[in-house]
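Note sheet for the following structure.
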Amino acid sequence: MSKKIVVIAASPRKQGNSAALAQAFSKGAQAGGHEVQYIELADKDLKFCRGCLACQATGRCVIKDDMAELLPVLQQADAVAFASPVYYYSICGQLKTFLDRSNPLFTAEYAFRAIYVLLTAAENEAYTQEGALKAIQGWIDCYEQARLAGSVFAGGVTAVGEIAGHPALQQAYELGKNIK
């Protein structure tokens, strides 16, 4: 059965390593027969959450920026993949802002159940991804019907294009292709 998959490429570098991982996942999901919407946060105007919590009463954010168009896309997705470089052992600021700004969905009905995480980092040690995974798991925990369905980590990649030939690209493709 075809699903709506949203891939959020969060890196400020549009042609960076995490974008390559996100594209591999997207191609795999398309090969698996799914509808994929690929979003690069570098193209979006996203302001920081103000913490006013007005969205909890209205279901909408008071900030006027591109998040207004992204929220319905996220809400209606069956599965979501977040791709981020690991900065200081956590997710990049662009992804953190996106996650914070998804707060209007906290009290809403949402379709997403499966969450995928695609991470890249200059460091190659397996523990490098732990802080980023924990940050996203904290978001997932707030959406009780959602679960972490899989993750891919590409370590040892810094400069744009260094991910070429990395086994994580095939892992991301297969993860996308095998979405159930």
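All values derive from a computational prediction rather than experimental measurement. Position 1 is the first residue of the sequence, and the numbers go up from there. As a basis for the values below, the full set of heavy atoms in this structure was taken, side chains included, without hydrogen atoms, waters or symmetry mates.
Residue Cys142 comes nearest to Phe106 through the heavy atom pair O-CE1, 3.3 Å, listed as atom of the first residue, atom of the second, then distance. Listed here is the closest heavy atom pair of Ala146 and Ile115: CB-CG1, 4.2 Å. Taking every heavy atom of both residues into account, Lys96 and Asp100 meet most closely at NZ-OD1, 2.5 Å. Residues Val160 and Gly16 approach most closely at CG2-CA, 4.2 Å, considering heavy atoms. In terms of heavy-atom proximity, Ser11 sits nearest to Ala42 at O-CB, 3.8 Å. Heavy atoms only, all atoms of each residue included: Ala19 and Tyr38 are closest at O-OH, 3.5 Å.
Taking CG of Leu118 as the reference point, atom CD1 of Ile8 lies at 11.5 Å (rounded to 0.5 Å). A distance of 10.0 Å separates CD in Glu130 from NZ in Lys134, rounded to the nearest 0.5 Å. Here Gln76 contributes atom CD and Leu71 contributes atom CG; the two are 10.5 Å apart, rounded to the nearest 0.5 Å. Of the inter-residue distances, the one linking Lys14 atom NZ with Asp43 atom CG reads 3.5 Å to the nearest 0.5 angstrom. Note: Gln23 CD to Gln15 CD = 6.0 Å, rounded to the nearest 0.5 Å. One distance of note links NZ of Lys3 with NZ of Lys180; it measures 10.0 Å at 0.5 Å rounding.
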Could you walk me through whether Leu21 and Leu169 pass the side-chain contact (heavy atoms from CB on, under 4.5 Å) test, one step at a time?
-> CA-CA 6 Å; Leu21 209 54; Leu169 290 170; 4.1 Å; yes

Phe82 and Leu99: side-chain contact (heavy atoms from CB on, under 4.5 Å), yes or no, with the steps?
-> CA-CA 10 Å; Phe82 295 117; Leu99 296 177; 3.7 Å; yes

For Leu46 and Leu70, what are the C-alpha separation, side-chain angles and deciding distance, and is it a side-chain contact (heavy atoms from CB on, under 4.5 Å)?
-> CA-CA 10 Å; Leu46 298 181; Leu70 297 177; 4.1 Å; yes

Carefully, step by step, assess Phe25 and Leu175 under the rule side-chain contact (heavy atoms from CB on, under 4.5 Å).
-> CA-CA 7 Å; Phe25 180 91; Leu175 190 61; 4.0 Å; yes

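Taking Asp141 as the reference, Gln137 meet the side chain to side chain donor-acceptor pair (under 3.5 Å) condition, with sequence neighbours excluded. The side chain to side chain donor-acceptor pair (under 3.5 Å) test applied to Gln145 returns Arg113, not counting sequence neighbours.
More than 12 non-hydrogen atoms from other residues, nucleotides or ligands lie less than 6.0 angstrom from CD of Glu125.
Checked against Asp65 for a side chain to side chain donor-acceptor pair (under 3.5 Å), the options Lys44, Lys47, Arg101 give a single hit: Arg101.
Inter-residue side-chain proximity for Phe153 and Ser151 is flagged as unmet; no heavy-atom pair is nearer than 4.5 Å. Looking at heavy atoms from C-beta onward, Leu95 lies in side-chain contact with Ile136 at the 4.5 angstrom threshold.
In this structure a side-chain-to-backbone donor-acceptor pair under 3.5 Å is missing from Ser18 to Thr120. Without hydrogens or angle criteria, His34 side chain to Gly28 main chain gives no donor-acceptor distance under 3.5 Å. Between the side chain of Asn17 and the backbone N or O of Ala121, no donor-acceptor pair lies under 3.5 Å. Checking side-chain atoms of Asp45 against main-chain N and O of Asp66 turns up no donor-acceptor pair under 3.5 Å. Judged by distance alone, with hydrogens and angles left aside, the side-chain atoms of Gln56 form a donor-acceptor pair with the main-chain N or O of Asn103 at under 3.5 Å. For Ser84 (side chain) and Cys92 (main-chain N/O), a donor-acceptor pair under 3.5 Å exists by modelled atom type.
Follow the hydrophobic side-chain contacts under 4.5 Å out from Leu105 and you reach Phe98 in the same cluster. Criterion: ILVMFWY side-chain heavy atoms under 4.5 Å apart, direct or through other members. Under it, Val6 and Ile140 are part of a common hydrophobic cluster. Placement of Leu148 and Val80 within a single hydrophobic cluster is found when ILVMFWY residues are connected by side-chain heavy-atom separations under 4.5 Å, directly or transitively. At a threshold of 4.5 Å between side-chain heavy atoms, the hydrophobic network of Ile, Leu, Val, Met, Phe, Trp and Tyr places Tyr143 and Leu53 in two separate groups. Hydrophobic clustering of Ile, Leu, Val, Met, Phe, Trp and Tyr side chains at less than 4.5 Å, counting indirect connections, keeps Ile5 apart from Ile39.
Aromatic ring pairs are classed by plane angle as parallel below 30°, tilted from 30° to 60° and perpendicular above 60°; the pair Tyr89 and Tyr127 is parallel. Using cut-offs of 30° and 60° on the angle between ring planes, the pair Trp139 and Phe112 is parallel.
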